[in-house]
Amino acid sequence: MKKLFLLFVALCAVPVMAQKITIEDPWIRAGAKDLNTGGFFVIKNNGDAADTLYQFESSIAEVNQVHETYQQGDMMGMRETKQIVIPAKSEFVFKPGSFHIMFIKLKKDIQNGTKQQFTLFFKQAGKIKVTAEVREMKKNQHKH
């Protein structure tokens with residue numbers, strides 16, 4: 001009976017842990033089949049410990065990667081990053097011209113006003129499914 005009670009307590013703790021990480025304002029830039037586009041959002045870590053984003057998946061692209069934008073001299077570029085640590089009681093912003101998720105080789109057109117799903121994977125919080133609105137990037141949005 002004691003083992004059953006402990007199992008029940010452990011299972012009840014899982015959803016609470018997932019709520020420590022929340023995803024706010026998720027959106028994806030509109031894009032055409034066979035091309036690439038980006039996804040943006042804010043990760044809020046309300047927990048008392050850091051967590052790490054290490055992967056994301058979607059069914060809308062052939063390849064899904066977490067990217068960072070970097071500057072080398074006068075040139076700007078993008079590269080894959082394998083993990084992002086979100087410290088406790090903080091937020092991490094994915095925005096144009098900075099960190100973002102990259103949908104490489106879209107399987108179909110994704111148009112403004114539609115909704116698309118993707119899944120983020122965290123070391124502590126586990127899988128978090130996200131539904132994002134597809135919209136155009138506003139002028140100068142990358143500066144915010």
Heavy-atom pair with the smallest gap, counting every atom of D48 and A88 = C-CB, 3.4 Å
Can you tell me if H100 uses its side chain to pair, donor with acceptor, with the backbone of S98 under 3.5 Å?
-> yes
Any salt bridge between D25 and R135, counting N to O under 4.0 Å?
-> yes
Are the side chain of N46 and the backbone N or O of K89 linked by a donor-acceptor pair below 3.5 Å?
-> no
Can you measure from NE2 (H67) to CE (M78) and round to the nearest 0.5 angstrom?
-> 6.5 Å
Q83 vs T52, side-chain hydrogen bond (donor to acceptor under 3.5 Å, both in side chains): CA-CA, chis, key distance, verdict | CA-CA 6 Å; Q83 63 181 19; T52 303; 5.2 Å; no
Between the side chain of N112 and the main-chain N/O of E136, is any donor-acceptor distance below 3.5 Å?
-> yes
Measure from NZ or CZ of R29 to the centre of the six-membered ring of F40, then state whether that distance is under 6.0 Å and the direction lies within 45° of the axis.
-> no
Give a yes or no on this: more than 12 heavy atoms of other residues, nucleotides or ligands lie within 6.0 Å of atom CE of M76.
-> yes
Apply the side chain to side chain contact (heavy atoms under 4.5 Å, CB included) test between I43 and each candidate in D51, I86, I84, I128; give the one that qualifies.
-> I86
S90 side chain to N45 side chain, donor-acceptor N/O pair below 3.5 angstrom | no
Could you identify which residues cluster with V85, counting Ile, Leu, Val, Met, Phe, Trp and Tyr as linked when any side-chain heavy atoms lie under 4.5 Å apart, either directly or through a chain of such contacts?
-> none
For the student: nearest non-hydrogen atoms of L106 and F103, plus distance | CD2-CB, 3.8 Å
L35 versus K33: any side-chain heavy-atom pair under 4.5 Å?
-> no
With E80 via salt bridge (charged side-chain N to carboxylate O under 4.0 Å, His left out) - residues at least two apart | K82
Quick one: does E57's side chain have a donor or acceptor within less than 3.5 Å of a partner on S59's backbone?
-> no
Test: E68 and R79 ion pair at under 4.0 Å = yes
Do the side chain of N36 and the main chain of K105 share a donor and acceptor less than 3.5 angstrom apart?
-> yes
How would you list all residue pairs meeting ring-ring contact (aromatic ring centres under 6.0 Å, His included) that involve residues 72-96, not counting sequence neighbours?
-> F41-F94, F92-F94, F92-F99
